[in-house]
Amino acid sequence: MSGLRKALAQTPPLWWSLLYFFCLLCGYYVLRPVRDAMGASSDAATVFPHAAIQWAQSHGLQLKDFVLQVLFTCTFVVMIALQPVYGALVARFPRRVFLPVVYGIFILCLFAFHWAFHTQVPGRGMVFFVWTAIFNLFAVTVFWSYMADVFDDRQARRVYGYIGAGGTAGAVIGPMLTQWLVQPLGVANLLLVSAGFLAVCVLCIVRLRPWAIRRAHAQGLDSGEGAMGGSVWAGLKLVWQRPVLRAMAATLFFSVGAATLLYNQQAAIAREFYPGAEAATAYFARIDSAVNLLAILTQLLLTRWLLDRHGVAPALLMPGLILLLGFGVLMASPLPVMVAIVQVLQRGSEFALAKPARETLYTRVDRPSRYKGKAVIDTAIFRGTDLAFVWIHKAVALFGTQAVFAAGAIAAAGMTAGAWSIVRAQRGLPGADSSSDSAFDRQPARGES
């Protein structure tokens, strides 16, 4: 903890960054158990509109047998449709405009969902599941893009572990709030709690702006306050052209694929043992709490030391190796408790090690790569992989549980290979910024914005 106190004393923007990520993930994890309970529901009428259920029945299908497959498919379609909208915001509006606008839209959506849940609008479960998945990816990718504007590579290695821990603390408290409040308040009012946390995020965006400008000036760059311009589809081109972005996309594909296989097993367990919405919500909240407790301990005790002393390679490679071992154990002993343990290890190592390591690399690329290329990887490619593997799981599960875990082991091996390709590709990026830390380790002057 002495390292954290020292970092907070030396780096004033770290305070606002910690608060920002804490509130963002706390707000999301208040919602996540509600979303997961919808995805695990075997009652199609709770999730889908009546018209969709009737259409499926008229074609000889029961939507209750394809809940996750349909939800993930809808999520991918909506994600692809929104990608050019986000691209247009980034291209045409300055950072001081599009960042608050993105979060403002999310807050308005939560008020709309509060009304929908309170009045029990049919189909609310499907829309909420899709929206929450999109909110998570866009809000978090915008956060890390902004952090890459505030901190340089040297500072990122020193503070990203702590920032991640701040977010994980929010992710620990969020499910706890859900467990405590879901019974007395009801699901609908939980959404207003999340909206309050997002409002604090907007305040943090405003307060961090002077340091983002200062970093750009210290590097001899423009302030980053102007619109970036370019095509709304420029992110796709950047991912294709730049080796480090291609490597990140490939790694994410296999990482998300392995996680999706585990997620489907977890949902199957919840359907069998926790048929009620409140019981399922509490079950998923307990899993989330275990994941985030593991992550925060790793972030506080290991992540900063690993990144600062050994660079990104160990942090990128370890999660894949852990997951490969985990799937090997599951193939030999496919017990429900082991699925939960591997799930905790997979998500905990991803949040605490792989994610901070990848995000430090974005401090060494240009702003279009941070905001456009990164958004394509973290949203469209992420959800595209979700969609592919949720259907792969459906097909592979026909051959039994061990076949699913064998497929997961293959994905974990691909994830490890992809991580090694990132290690090789990042060697061609510019090195750590040589600008003086004093530009960031002091308060901004009055009027600087």
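Starting from 1, each residue takes its place in the sequence as its number. It should be emphasised that the depicted structure is a prediction, and the values quoted were computed from it without experimental measurement.
The shortest side-chain heavy-atom distance between T178 and Y29 does not fall under the 4.5 Å cut-off. Taking 4.5 Å as the limit, some side-chain heavy atom of F151 sits within range of a side-chain heavy atom of I163. L323 places none of its side-chain heavy atoms less than 4.5 Å from the side chain of L345. In this structure, V140 and L25 have side chains that are in contact, with non-hydrogen atoms separated by less than 4.5 Å. Taking the side chain as every heavy atom from C-beta outward, Y146 and R209 approach each other to under 4.5 Å. Taking the side chain as every heavy atom from C-beta outward, T260 and H393 never approach each other to under 4.5 Å. Side chains of F117 and L191 form a contact here, defined as non-hydrogen atoms less than 4.5 Å apart. V142 places a side-chain heavy atom less than 4.5 Å from the side chain of Y103.
Between W144 and F21, the distance from one ring center to the other falls under 6.0 angstrom. For an aromatic pair to be called close, the ring centres must be under 6.0 Å apart, and F253 with F382 fails this.
Note: I341 CD1 to L330 CG = 9.0 Å, rounded to the nearest 0.5 Å. Residue F135 holds its CZ atom at 9.0 Å from CD1 of I107, rounded to the nearest 0.5 Å. The structure places SG of C204 at 13.0 Å from CH2 of W15, a figure rounded to the nearest 0.5 Å. Within the model, atoms CD of E359 and OH of Y362 stand 6.5 Å from one another, a figure rounded to the nearest 0.5 Å. In this structure, CG on L208 lies 8.5 Å from CD1 on I205, to the nearest 0.5 angstrom. Distance CD/E350 to CD1/I322: 11.0 Å, rounded to 0.5 Å.
The two residues Q299 and T168 make their nearest non-hydrogen contact at OE1-OG1, 2.6 Å. Minimum heavy-atom separation, C26 to L177: SG-CD1, 4.0 Å. Taking both residues in full, the closest heavy atoms of T303 and G161 are given as CG2-CA, 3.9 Å, listed atom of the first, atom of the second, then distance. Minimum heavy-atom separation, G320 to M415: N-CE, 3.6 Å. For the residue pair L262 and V342, the shortest heavy atom distance occurs at CD1-CG1, 3.8 Å. The heavy-atom pair separating L110 from S194 by the smallest distance is CD1-OG, 3.7 Å.
A donor-acceptor contact closer than 3.5 angstrom links the side chains of Q426 and R364. Using modelled atom types and a 3.5 Å distance limit, the side chains of S369 and R242 yield a donor-acceptor pair. Donor-acceptor pairing under 3.5 Å is lacking for the side chains of S145 and K374.
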**Prompt:** Going through the checks in order, is the side chain to side chain contact (heavy atoms under 4.5 Å, CB included) test met by F76 and L71?
**Reply:** CA-CA 9 Å; F76 176 71; L71 292 176; over 6 Å; no
**Request:** Report the C-alpha distance between I105 and L108 in whole Å, list the side-chain angles of each, state the deciding distance to 0.1 Å, and finish with yes or no for side chain to side chain contact (heavy atoms under 4.5 Å, CB included).
**Result:** CA-CA 5 Å; I105 291 172; L108 291 176; 5.6 Å; no
**Request:** Would you check, one step at a time, whether the test side chain to side chain contact (heavy atoms under 4.5 Å, CB included) holds for F106 with V202?
**Result:** CA-CA 11 Å; F106 290 141; V202 177; over 6 Å; no
**Message:** One pair to check against side chain to side chain contact (heavy atoms under 4.5 Å, CB included): F128 and L31. What are the steps and the verdict?
**Reply:** CA-CA 9 Å; F128 183 74; L31 303 176; 4.0 Å; yes
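Geometric assessment of R157 against the ring of W305 yields a negative cation-pi assignment under the 6.0 Å and 45° thresholds.
At distances below 3.5 Å, at least one donor-acceptor pair connects side-chain atoms of T360 with backbone N or O atoms of A357. In terms of modelled atom types and a separation under 3.5 Å, the side chain of N136 and the main chain of T132 share no donor-acceptor contact. Between the side chain of S255 and the backbone N or O of L252, no donor-acceptor pair lies under 3.5 Å. Of the possible polar contacts, one joining the S17 side chain to the P13 backbone as a donor-acceptor pair under 3.5 Å is found.
Take W391 and apply the side-chain hydrogen bond (donor to acceptor under 3.5 Å, both in side chains) test, not counting sequence neighbours, and it matches T73. Residues passing the side-chain contact (heavy atoms from CB on, under 4.5 Å) test with A169 are F22, I296, sequence neighbours excluded.
Within a 6.0 Å sphere centred on CZ of R309, heavy atoms belonging to other residues, nucleotides or ligands number 12 at most.
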